[in-house]
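Heads up, the thing below is written out as structure tokens.
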Amino acid sequence: MKNIVKIILRLIMVGLAAVSFWLLMTSNVSLKINDTQAMGKEVINRVVDDSDNPNLKVGVELLEASGLEKTLLEQLPPKYQVNLSYADLYRLCEKYNDQGKLTTKDLGLTSKSKLEEIINEYLVKQINHKLKEDSEDVNHIITIYEYSIFAVALLFLLAAILILFGRSSASIPLALATIASFVALWLASNEAMTALQSRVYSGILVTLSQEIWVGLTVGIITAIIWPVINRLTKRKKK
């Protein structure tokens, strides 16, 4: 009976580690824009400022004076959101390595109007510009990121195996994998938000989903309580 309880407890701990891994790998980092009309206006102004074509500025001024600009901006959806997971970021790293740039399709950006298309293209243009500007650092970061997903997976697997064999040391790879994957997502989201706010629209928010925080919490708690549970079950056996 004691052996059955011990096996069940180990399986529960492995299950919790698997839940943490799944949530951290598949939950979303969200890019949110709560006022798309303000963003649209700011993007239009930035496009005009970046262009060498004087006719473009005149055209925008005419649109604004006629009220058509407001009409176009009202066609935008009230809010805007793009979701990417740790696994999606890995896929984008591979795309960037292959193509040397990212596209609206790579980022899952869709458009229902010409203005949305312009905004999406501008957003991707600024992302690519930032990636190219810091190309040396970006290439190092991408290489690290691509390997890190395998390292994290191996650490979670190692933790699961050690738990099944009743080793308290399983907490070390479990804690490392949990914290490393969370920190990678947190740093990526903050870097993306800073760059996009300065280059596209100051109201862009990049946030970690609640599921990512749950994944972090589950992983850390499991790493803390597993040695205690393991010690207690071994003591009862004696």
Side-chain angles (χ1 to χ4, degrees), residues 1-31 82-97 108 137-194 205-238:
M1 185 65 182
K2 289 181 180 179
N3 284 335
I4 293 174
V5 172
K6 184 169 65 175
I7 291 169
I8 291 173
L9 286 172
R10 289 180 184 181
L11 290 175
I12 290 172
M13 291 296 104
V14 170
L16 289 173
V19 167
S20 176
F21 174 70
W22 177 259
L23 289 174
L24 288 167
M25 289 299 108
T26 62
S27 299
N28 292 323
V29 175
S30 299
L31 185 154
V82 178
N83 297 320
L84 294 170
S85 67
Y86 199 113
D88 291 329
L89 290 172
Y90 174 78
R91 177 180 55 81
L92 287 178
C93 288
E94 288 193 318
K95 287 279 186 181
Y96 185 76
N97 276 336
D137 291 336
V138 166
N139 289 332
H140 288 310
I141 291 169
I142 286 176
T143 301
I144 293 169
Y145 201 86
E146 286 181 326
Y147 283 109
S148 72
I149 196 168
F150 294 107
V152 165
L154 286 173
L155 284 171
F156 271 108
L157 179 61
L158 176 60
I161 292 171
L162 290 173
I163 289 172
L164 289 174
F165 279 96
R167 303 292 178 84
S168 296
S169 58
S171 291
I172 297 172
L174 180 56
L176 284 174
T178 302
I179 293 170
S181 51
F182 175 81
V183 168
L185 288 169
W186 185 79
L187 289 174
S189 64
N190 277 275
E191 180 65 26
M193 184 165 66
T194 301
L205 297 174
V206 182
T207 58
L208 302 180
S209 68
Q210 188 176 2
E211 290 79 7
I212 290 175
W213 289 96
V214 172
L216 172 68
T217 304
V218 170
I220 294 298
I221 290 175
T222 304
I224 292 171
I225 66 172
W226 162 242
V228 178
I229 291 173
N230 192 40
R231 197 176 300 117
L232 287 173
T233 54
K234 286 183 176 179
R235 189 175 296 170
K236 285 181 179 180
K237 186 178 179 182
K238 293 177 182 179

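This chain uses plain numbering: 1 for the first residue, then up along the sequence.
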Verdict with reasoning, Thr233 to Leu9, per side-chain contact (heavy atoms from CB on, under 4.5 Å): CA-CA 9 Å; Thr233 54; Leu9 286 172; 3.6 Å; yes

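For residues 158-186, the pairs satisfying side chain to side chain donor-acceptor pair (under 3.5 Å) are Ser168-Asn230, with sequence neighbours left out.
No more than 12 heavy atoms of other residues, nucleotides or ligands sit less than 6.0 Å from atom CD1 of Ile172.
Side-chain atoms of Asp88 and Arg91, non-hydrogen and from C-beta on, do get closer than 4.5 Å to each other. Taking the side chain as every heavy atom from C-beta outward, Val206 and Asn190 never approach each other to under 4.5 Å.
The side-chain contact (heavy atoms from CB on, under 4.5 Å) test with Ser30 is passed by exactly one of Thr207, Leu205, Leu208: Thr207. When each of Val5, Ile4, Leu11 is tested with Ile8 by the rule side-chain contact (heavy atoms from CB on, under 4.5 Å), just one qualifies, namely Ile4.
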Side-chain polar contacts of residues 147-166 - donor-acceptor pairs under 3.5 angstrom, sequence neighbours left out - could you list them?
from, atom 1, to, atom 2, distance (Å)
Ser148, OG, Tyr86, OH, 3.0
Ser148, OG, Tyr145, O, 2.7

Taking distance alone, no hydrogens or angles, what donor-acceptor pairs closer than 3.5 Å link side-chain atoms of residues 212-223 to residues at least two apart or in another chain?
from, atom 1, to, atom 2, distance (Å)
Thr217, OG1, Trp213, O, 2.8
Thr222, OG1, Val218, O, 2.6

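Rounded to the nearest 0.5 Å, atoms OG (Ser209) and CG (Leu84) are 11.5 Å apart. One finds the CD1 atom of Ile12 at 11.0 Å from the CH2 atom of Trp226 (value rounded to the nearest 0.5 Å). Remark: Glu211 CD to Thr26 OG1 distance equals 8.5 Å, nearest 0.5 Å.
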